[in-house]
Amino acid sequence: MEKIEMTDLEKDLAELIGARRGKARAIPRAELMTLFDGLSDRLVRKKIKHLIIKHGIPIASGIKGYYTPVTTDEVMRAGDY
């Protein structure tokens, strides 16, 4: 299987969300759009889905935004993508 390289944007998103451990520390999508200079809502969702599916990055989402799951419950919910 061929390894897919991450773009700089994907690397930045993965690093930023990776630092948000647990749903209490989630980062809102609107904040991601602002941090990445007007990134569209649709593109944020597309890139995060790509990180999860193609790169196997554990990213969960909730009412407060995106985060790295740490509890068993969070990990199980992240698998529902």
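This chain uses plain numbering: 1 for the first residue, then up along the sequence.
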Problem - Pairing residues for Arg29 by the side chain to side chain donor-acceptor pair (under 3.5 Å) criterion, not counting sequence neighbours - result: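 Residues passing side chain to side chain donor-acceptor pair (under 3.5 Å) with Arg29: Asp41, Tyr66.
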
Exercise for the section: Find out if a path of hydrophobic residues (ILVMFWY) with successive side-chain heavy-atom gaps under 4.5 Å connects Ile52 to Ile27. Expected result: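 Yes, because Ile52 and Ile27 connect within a single hydrophobic cluster, where side-chain heavy atoms sit under 4.5 Å apart.
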
Practice task
Please name the pair of heavy atoms, one in Ala60 and one in Pro69, separated by the smallest distance, quoted to 0.1 Å.
Solution key: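 Heavy-atom minimum between the residues: N-CD, 4.0 Å.
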
Distance-only donor-acceptor hits, side chain of residues 30-40, under 3.5 Å, sequence neighbours excluded:
unit_1	atom_1	unit_2	atom_2	d
Thr34	OG1	Ala30	O	3.1
Ser40	OG	Leu43	N	3.0

Practice task
Answer yes or no: is there a side-chain heavy-atom contact under 4.5 Å between Tyr67 and Lys23?
Solution key: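 Yes, close enough: below the 4.5 Å cut-off.
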
Problem - Side chains of Arg20 and Thr68 in contact at under 4.5 Å (non-hydrogen atoms) - result: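 Result no, sub-4.5 Å side-chain heavy-atom pair not found.
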
Show me the side-chain donor-acceptor pairs of residues 6-18 shorter than 3.5 Å, one per line, residues at least two apart or across chains.
unit_1	atom_1	unit_2	atom_2	d
Thr7	OG1	Glu10	N	3.1
Glu10	OE1	Thr7	N	2.9
Glu10	OE2	His50	NE2	3.3

Practice task
Quick one: pull up NZ in Lys49 and NZ in Lys54 and give me the separation to the nearest 0.5 Å.
Solution key: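 So the gap between those two atoms works out to 10.0 Å.
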
Problem - Separation of Arg42 CZ from Lys46 NZ (nearest 0.5 Å) - result: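 Answer for the NZ-CZ pair, Lys46 versus Arg42, is 7.5 Å.
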
